[in-house]
Structures are given as C-alpha cells and as structure tokens.
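Before any comments, here is the structure.
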Amino acid sequence: MSAAALAGLLAGFGIAIPVGAVGALLVALTARAGWRTGAGAALGIATADGVYALVAVAGGSALVPLLTPVTTPLRWVSAAVLVALAVRAAWTAVRAYRGDPRPAPGPGSGSGTTTPLRAYLTFLGITILNPLTVIYFAALVLATGPDAPATPATRTVFVLAAFLASATWQLFLAMGGALLGRTLTGPRGRMATALASSTLIVVLAVRLVR
C-alpha cells in the first residue's frame, strides 16, 4: 500500500509540477477572478490527472496504441482552446482598463464562466484534451514491472495519491495567482498582468504543437 501511495504521489507531482500553458492560465485566472474560482480550476486539472491515472492502471498499456494516432489532433485542439482563452482574457482586460463595464464571456471576465463550477469544468476539459497524460502514467506503471499496482486496493491508492499530488500543486499555483491578484490592485497593473500572462499562455500553447 505504501509503495503504491508513494508511486502515485511521485507520478502526480511529476505530471503537475512542470508549469505549461494550463498552469499559466490557472495563475492568470486566479489573479483576476479570485481564490474560489482558481481552486475550482485547480481541482478540474487534478481531476483530469486522476482520471488518466485510473485509465493507466486499468489498462493504459493497451490504450497507448489507440491514442497515438489522435495525439497530434488533440494537441492542436488543446492549443487552439488555450490561445482563444488567452486572447479573450487580454481583450477583457483591455476593455476593463478603458472603463467598458460590459462583461465579456470567458475565464476572468464578469460572466458566469468565472464561477468555481464553470472554472472546474473548463479546466477539466482543457486538461483532458491532452492524451499524453495517460501515456505518461501508463509508461510509469509499465516501468515499475512486477511492483506495479496490481490489485484493486493498490490501484485505488495509486490513483488517489496521484490526484492528491496534482491537486496540491495546482492549488499552490492558484494560491500564487490569488496573492498576485491582491498585489496588483490598480487597473494598470491588472491589465499589464493579463497581457503578460496571455502572451505567455500563447507561447506555451504554440509549443504544444511544435
């Protein structure tokens, strides 16, 4: 049990810690929309990681050949969604800075998409578009050989540990975004942060398909 828990924790942190476009978007969203929304988004990412960990221990090695042909199209879709969200966030920030009170849809705006539930579903969807996560977990499971989680109990422990590790890191990123949002209280600071984060998100999203 303890070996499965340790393996799950290491796997969860291993997939979560490298901050890519989704992580940057999480920080930017929390800075604009607040801690509760950021926490919802963070748990959406962690849920996707947990789902892929479950798929991996339940037979990920058999799924890898099936996922490989669709990996590139899904990465393009994921990159396109991230770029669209980044552009919408930048546009919303510029409008807010100019004093336009009308809300615009999208994460970080004044619409319903900034609720914790909407943020959770949005980030769950963005993260689930990346099938490389299940390939990562499947490779780790196969690499452990005879020590891989084999019983329902050890598989459950592995998946829960991976989810908790991912959730811990994503909530840490969201906390950083919340602190950033409290620091940058002026309209100019918020606009500058939104534009900088949107640019970073676009760059990281483009790297997904290179």
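What you are looking at is a predicted structure, and each value in this text was computed from that prediction instead of being measured. Heavy-atom basis, side chains included; hydrogens, waters and symmetry copies ignored.
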Between [X] and [Y], is there a shared hydrophobic cluster once you connect ILVMFWY residues whose side-chain heavy atoms come closer than 4.5 Å?
X	Y	result
F172	L9	no
F123	W169	yes
V157	L160	no
L10	L164	no
F13	I45	yes

Might you point out which heavy atoms bring [X] and [Y] nearest each other, and give the distance in Å?
X	Y	result
V159	V57	CG2-CG2, 3.8 Å
T30	G38	OG1-CA, 3.2 Å
A39	A174	N-CB, 4.3 Å
G23	L173	CA-CD1, 4.2 Å

How long is the span from the [atom1] atom in [X] to the [atom2] atom in [Y], to the nearest 0.5 Å?
X	Y	atom1	atom2	result
I128	L121	CD1	CG	12.0 Å
T37	R118	OG1	CZ	12.0 Å
F163	L43	CZ	CG	5.5 Å

### Query
Under a 4.5 Å cut-off applied to non-hydrogen side-chain atoms, are L25 and I126 in contact?
yes
### Query
Is any side-chain heavy atom of W35 less than 4.5 Å from a side-chain heavy atom of L171?
yes
#### Entry: Modelled atom types, side-chain donor and acceptor of Y120 and T47, under 3.5 Å
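Yes, a side-chain donor-acceptor pair sits under 3.5 Å.
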### Query
Knowing that exactly one of V22, L26, T127 qualifies, which makes a side chain to side chain contact (heavy atoms under 4.5 Å, CB included) with Q170?
L26
### Donor-acceptor under 3.5 Å (S166 side chain, A162 main chain)
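Not a single qualifying donor-acceptor pair exists.
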